[in-house]
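By convention in this document, chain letters (A, B, ...) are assigned in the order of the sequence lines, proteins followed by strands, and residues within each chain are numbered from 1.
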Amino acid sequence: MNLQQKIYKKLLEVPKGKVTTYGELAKAVGLKNGQRTVGKIMNKNPYPVIIPCHRVVMSTGKIGGYAYGEHVKTKMLNDEGIEIENGKIVDSENLIYRF
DNA sequence: TTGGCGGCACCCG
DNA sequence: TCGGGTGCCGCCA
């Protein structure tokens with residue numbers, strides 16, 4: 001089980017309508033300061049269809065980046081009922097899923 | 001508020 | 001096999 005496999009698996013635990021952060025996800029798989037690692041893994045993820053990498057945001061509540069463009073990520077989150085305003089999630093504190 | 005650099009797995013040469 | 005560069009961040013000054 002690679003680290004990336006664990007990351008993908010963890011990410012699948014996040015329910016629709018919720019999001020998680022790079023830092024939380026990193027710690028969830030045993031990394032203390034692996035935020036960038038998570039980001040890189042997401043960017044290079046081999047299963048973009050089954051991996052909801054758009055549900056991962058920055059700890060500040062901002063959307064962060066996305067391999068296919070931030071606007072795409074924003075739209076997908078909107079489709080799941082998450083409101084985005086000025087590049088950041090509205091009321092993110094209640095939308096972030098804790099493992 | 002903004003900028004800069006730290007920390008880490010993975011990829012490529 | 002090994003070393004250096006890279007990236008959807010996060011914290012501290």
Legend entry - Worked check of side chain to side chain contact (heavy atoms under 4.5 Å, CB included) between A:Leu25 and A:Ile7: CA-CA 7 Å; A:Leu25 196 53; A:Ile7 292 177; 3.9 Å; yes

Inset, instruction - Take A:Glu80 and A:Lys18, measure what salt bridge (charged side-chain N to carboxylate O under 4.0 Å, His left out) needs, and give me the verdict at the end. - result: CA-CA 8 Å; A:Glu80 298 192 351; A:Lys18 287 278 190 174; over 6 Å; no

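The heavy-atom pair separating A:Cys53 from A:Asn45 by the smallest distance is SG-ND2, 3.7 Å. Closest approach of A:Gly61 and A:Ser92 over heavy atoms only: CA-OG, 3.9 Å.
Heavy atoms of A:Glu70 sit nowhere under 4.0 angstrom from any nucleic acid atom.
Within a 6.0 Å radius of NZ in A:Lys62, other residues, nucleotides and ligands contribute 12 heavy atoms or fewer. Other residues, nucleotides and ligands place more than 12 heavy atoms under 6.0 Å from the CD atom of A:Gln5.
Using a 4.0 Å cut-off between a side-chain N of Lys or Arg and a carboxylate O of Asp or Glu, A:Lys10 and A:Glu13 qualify as a salt bridge.
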Please tabulate, one pair per line, all N/O donor-acceptor pairs under 3.5 Å involving side-chain atoms of residues 37-44 of chain A, not counting sequence neighbours.
none

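Secondary-structure stems of DNA chain C, taken as three or more successive Watson-Crick or G-U wobble pairs (i with j, i+1 with j-1) under a 3.5 Å distance threshold, comprise B:2-6 with C:9-13, B:8-13 with C:2-7.
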Inset, instruction - Mark up nucleotides 6-13 of chain C, 5' to 3', with B wherever a protein heavy atom is under 4.0 angstrom from a base atom, S wherever such an atom reaches only the sugar-phosphate, and - elsewhere. - result: BBBBSS--

